[in-house]
Every structure is written in C-alpha cells, then in structure tokens.
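Step one of this worksheet: look at the structure below.
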Amino acid sequence: VQLQASGGGLVQTGDSLRLSCAASGGTFSGSAMGWFRQAPGKEREFVAAINLSGKITYYTDSVKGRFTISRDNAKNTVYLQMNSLKPEDTAVYYCAGSQYFDLWNTIPKYWGQGTLVTVSS
C-alpha cells in the first residue's frame, strides 16, 4: 500500500486544518489506519487510529476533543480533522497503515511521506 499525505500548512492558533491520506496499490479497506506526528527535536508520536470499518477510533490524550480521524473506504482515503490548533501541534504529520488496530502499540507496516503543519501563536 502506498500512502500519500496532504493538507498541511501554516495556520494560527485556534484555526482548523484537515489532512488527507490517499492510499493506492493495496487493500485499503483491509487496513487499520492512523496518524503520527514528529515535532522538531522530538520522537515520532502516535496521534489517532481508526479501524477497518471506521466505527472505532482511538486518540492520544493531547488531541482528544480537538482532532477527529475518519476514513472513506470508497475513496481509499483517511482524514484527520484538526480543530482548535495549538502551537504544540506543530509537527510533520504522517499517515500509516497496519493490519493491527492498535497502532499506538505496534509499528505500522505502511507509511506515507509527511506533511508539515505549523501553528503560529
């Protein structure tokens, strides 16, 4: 599965942004999907995951209530809607795919290239 992330950009504190990740070359609907991020000088961290059907989601605590992950299996695309953005959300965001839903505990098999999100104060 090849993953192509897009939608990053420069926004201000409190703004919203939606990231997209288009999948090709594999069984998208058979993969749990997720988003990770890596801030400057920090390790990559898990952000959100969604199961095959899209009915179950999981978030890291710092984004709960602000970020929403969703997927459209007909379009082979997973989204990350980010609201109430904060400067600490600044990072390169990566989409990932896995046969396991618990992406926060496992290493995803598929990775997209990153898309940079910068939140100015």
Side-chain angles (χ1 to χ4, degrees):
V1 178
Q2 289 79 48
L3 304 174
Q4 179 75 35
S6 62
L10 173 63
V11 297
Q12 295 185 337
T13 298
D15 284 351
S16 297
L17 204 59
R18 188 176 81 156
L19 305 183
S20 300
C21 176
S24 61
T27 308
F28 175 79
S29 59
S31 300
M33 299 297 296
W35 290 92
F36 291 73
R37 66 186 180 185
Q38 186 167 19
K42 296 187 178 181
E43 294 186 353
R44 188 176 301 187
E45 66 170 351
F46 166 81
V47 176
I50 190 166
N51 76 331
L52 277 65
S53 68
K55 293 182 179 180
I56 302 174
T57 57
Y58 185 84
Y59 300 91
T60 191
D61 286 346
S62 62
V63 308
K64 284 180 181 177
R66 299 189 299 121
F67 290 12
T68 302
I69 187 171
S70 61
R71 65 189 296 164
D72 186 336
N73 287 342
K75 295 183 178 180
N76 287 350
T77 303
V78 62
Y79 305 96
L80 185 68
Q81 177 66 43
M82 304 184 294
N83 298 330
S84 301
L85 282 162
K86 305 175 182 180
E88 51 264 44
D89 294 318
T90 294
V92 177
Y93 283 72
Y94 299 88
C95 59
S98 174
Q99 63 184 110
Y100 307 110
F101 172 59
D102 60 335
L103 278 77
W104 57 94
N105 280 331
T106 58
I107 299 176
K109 182 175 182 179
Y110 309 106
W111 290 92
Q113 94 296 351
T115 185
L116 177 62
V117 173
T118 304
V119 185
S120 64
S121 57

Could you go through V119 and T13, starting from their C-alpha distance and side-chain angles, then the distance that decides it, and tell me whether this counts as side chain to side chain contact (heavy atoms under 4.5 Å, CB included)?
CA-CA 6 Å; V119 185; T13 298; 4.1 Å; yes

Nearest-0.5 Å distance, CD of residue Q113 to OG of residue S6:
8.0 Å

Approximate separation, where rounding is to 0.5 Å, of T27 OG1 and N73 CG
11.0 Å

Do [X] and [Y] have side chains that approach each other closer than 4.5 Å (heavy atoms only, starting at C-beta)?
X: M33; Y: F28; value: yes
X: V63; Y: R37; value: yes
X: T68; Y: Y59; value: yes
X: V47; Y: W104; value: no
X: Y79; Y: I69; value: no
X: L85; Y: L17; value: yes
X: Q2; Y: Y110; value: no
X: S98; Y: K109; value: no

Of the non-hydrogen atoms in [X] and [Y], which two are nearest, and what is the gap between them?
X: L3; Y: G97; answer: CD1-N, 3.8 Å
X: T115; Y: A5; answer: CG2-CB, 4.2 Å
X: W35; Y: S20; answer: CH2-O, 3.6 Å
X: G114; Y: V92; answer: CA-CG1, 3.5 Å

Co-members of the apolar cluster containing L52 [side chain, <4.5 Å]
none

Polar side chain donor-acceptor pair, N83 to S16, under 3.5 angstrom
yes

Within 45° cone and under 6.0 Å: R44 NZ/CZ vs Y94 ring
yes

Short side-chain to backbone donor-acceptor contact, [X] and [Y], under 3.5 Å:
X: S31; Y: Q99; result: no
X: D72; Y: K75; result: yes
X: N51; Y: K55; result: yes

Hphob cluster co-occupancy, W111 + F101, side-chain heavy atoms under 4.5 angstrom
yes

Using 4.0 Å as the upper bound for N to carboxylate O, is an ion pair formed by K86 and D89?
no

Please indicate whether Q38 has more than 12 foreign heavy atoms, meaning atoms of other residues, nucleotides or ligands, lying under 6.0 Å from its CD.
yes

Give a yes or no on this: more than 12 heavy atoms of other residues, nucleotides or ligands lie within 6.0 Å of atom NZ of K42.
no

Between T77 and R71, is a side chain to side chain contact (heavy atoms under 4.5 Å, CB included) present by the stated rule, with each step listed?
CA-CA 6 Å; T77 303; R71 65 189 296 164; over 6 Å; no

Given side chain to side chain contact (heavy atoms under 4.5 Å, CB included), test Q12 with T118 step by step and report yes or no.
CA-CA 8 Å; Q12 295 185 337; T118 304; over 6 Å; no

With under 30° as parallel and over 60° as perpendicular, where do the rings of F46 and Y58 fit, or are they tilted in between?
tilted

Residue among L103, V78, L80 satisfying side chain to side chain contact (heavy atoms under 4.5 Å, CB included) with I50
V78

Do C95 and F36 pass the side chain to side chain contact (heavy atoms under 4.5 Å, CB included) test, and can you show the C-alpha distance, the side-chain angles, and the key distance before you say yes or no?
CA-CA 6 Å; C95 59; F36 291 73; over 6 Å; no

